[in-house]
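One structure is given here, and the rest of the page talks about it.
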There are 2 protein chains.
Amino acid sequence: MGLSKKESFDTLQNRIADFSKALGHPARIAILQFLANQNSCMCGDIVEELPLSQATVSQHLAELKRVGLIKGEFDGPKVCYCIDKKVWNEAKDLLSQFMVDVKKCC
Amino acid sequence: MGLSKKESFDTLQNRIADFSKALGHPARIAILQFLANQNSCMCGDIVEELPLSQATVSQHLAELKRVGLIKGEFDGPKVCYCIDKKVWNEAKDLLSQFMVDVKKCC
DNA sequence: TTTGTCTATCGTAATATTACGATAAAAGTT
DNA sequence: AACTTTTATCGTAATATTACGATAGACAAA
């Protein structure tokens with residue numbers, strides 16, 4: 001089909017998968033690293049940094065926004081993106097807890 | 001285009017993204033949790049546990065195998081899947097390091 | 001108000017993912 | 001050898017993702 005049967009899985013499983021999916025593209029990893037290492041958080045600077053078009057970068061930013069990992073604030077005509085610390089910590093805790101739990105198995 | 005420009009990003013970024021992508025579906029999260037919590041690691045038992053067809057489960061197992069997070073051993077006509085601890089730890093370290101590094105930003 | 005800058009969105013095309021039934025392949029059993 | 005069980009793969013369809021040019025909308029500056 002192509003339809004993801006999300007409703008068949010529990011909230012936690014969907015949440016872990018959703019955060020992971022958002023991290024599942026090297027451009028989005030690069031965006032997050034850029035936000036972490038630079039003073040700048042301007043969308044335009046991100047576009048210059050990445051080997052992708054402005055439209056594509058905007059799409060990746062939208063995906064990160066969708067899961068809440070970043071948020072954007074308007075600063076004149078520009079937009080300043082920033083990690084949402086609250087959500088970021090939630091993702092970090094969820095993922096690391098999951099990975100520790102699974103590790104216990106064998 | 002639809003072509004992922006992986007070659008434009010560095011090895012580490014691709015590796016983090018690739019592990020994340022493999023974790024980016026609730027069925028695969030459920031499979032890993034099942035492997036962690038049950039004594040069984042038989043493919044057939046996983047199929048029974050999940051609300052998905054045998055063919056679909058096999059596809060998800062193949063994706064987890066592709067990135068190396070699990071490995072399968074033949075046990076008669078059955079296949080016993082297991083977390084690959086070495087790769088699992090690598091993924092865990094990569095992801096948690098990444099998330100800690102990015103957190104430092106704002 | 002006109003102009004320029006910045007970013008989101010639209011339209012579109014290519015590719016990837018998800019899902020399942022059917023079939024094939026591998027191994028043990030009768 | 002024929003049969004059963006188990007799992008991978010093939011074929012196919014629906015949907016999602018990735019990418020980009022073009023355009024629209026928002027804002028500041030001239």
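Naming: A, B, ... by sequence-line order, numbering from 1 per chain. Since the structure is predicted, the reported quantities are computational estimates derived from the model, not experimental observations.
Under the 3.5 Å distance criterion, the side-chain polar atoms of B/Arg28 are left unmatched by any main-chain donor or acceptor of B/Leu64.
Two residues, B/Ser58 and A/Ala55, neighbour DNA chain D, and the one matched to the more 5' nucleotide by heavy-atom proximity is B/Ser58. Summary of the strand contacts: A/Glu63 and B/Val47 both lie near DNA chain D, and taking for each the nucleotide with the nearest heavy atom, the more 5' one is attributed to B/Val47. Summary of the strand contacts: A/Leu61 and B/Pro51 both lie near DNA chain C, and taking for each the nucleotide with the nearest heavy atom, the more 5' one is attributed to A/Leu61.
Between the side chains of A/Gln33 and A/Asn37, no donor N or O sits under 3.5 Å from an acceptor N or O.
A straight line from CG of B/Leu23 to P of C/dT18 spans 12 Å, rounded to a whole angstrom. Going from atom CG of B/Asp18 over to atom C1' of D/dT18 covers 16 Å, rounded to whole Å. When the P atom of C/dG21 is taken as reference, atom CG of B/Leu52 falls 11 Å away, rounded to whole Å. The distance between atom NZ of B/Lys71 and atom C1' of D/dT7, rounded to the nearest whole Å, is 20 Å. Rounded to an integer number of Å, the gap from B/Arg66 CZ to D/dT9 P is 14 Å. Computed from coordinates, the B/His60 NE2 to D/dT9 P distance equals 15 Å when rounded to whole Å. As a whole-Å value, the separation of A/Met42 CE from D/dA26 C1' is 15 Å. Look at CZ on B/Phe74: it is 10 Å from C1' on D/dT6, rounded to the nearest Å.
Note on B/Gln59: a base of the nucleic acid sits closer than 4.0 angstrom, heavy atoms only. Heavy atoms of B/Lys6 sit nowhere under 4.0 angstrom from any nucleic acid atom. Using a 4.0 Å heavy-atom cutoff across all strands shown, B/Gln54 reaches at least one base atom of the nucleic acid.
For A/Pro77, counting side-chain heavy atoms from C-beta on, the closest listed nucleotide (C/dT17, D/dT18, D/dC27) is D/dC27. Checked against C/dA22, C/dT7, D/dC20, the side chain of A/Tyr81 finds its nearest nucleotide in C/dT7. Listed nucleotides: C/dA19, C/dT18, D/dA19. Nearest to the side chain of A/His25: D/dA19. Of the candidate nucleotides D/dA19, C/dA8, D/dT6, C/dA8 has the atom nearest to the side chain of A/Lys65. Ranking D/dC20, C/dA8, C/dT17 by closeness to the B/Lys21 side chain, first place goes to C/dT17.
Atom CD of B/Glu73 is separated from atom SG of B/Cys80 by 7.0 Å, given to the nearest 0.5 angstrom.
Between B/Phe98 and A/Trp88, the ring planes lie perpendicular to each other; the angle is over 60°, past the 30° to 60° tilted range. Ring pair B/His25/B/His60 is tilted by interplanar angle, where 30° to 60° counts as tilted.
In terms of phosphate contacts, A/Thr56 brings no side-chain nitrogen or oxygen within less than 4.0 Å of OP1 or OP2 of D/dA19.
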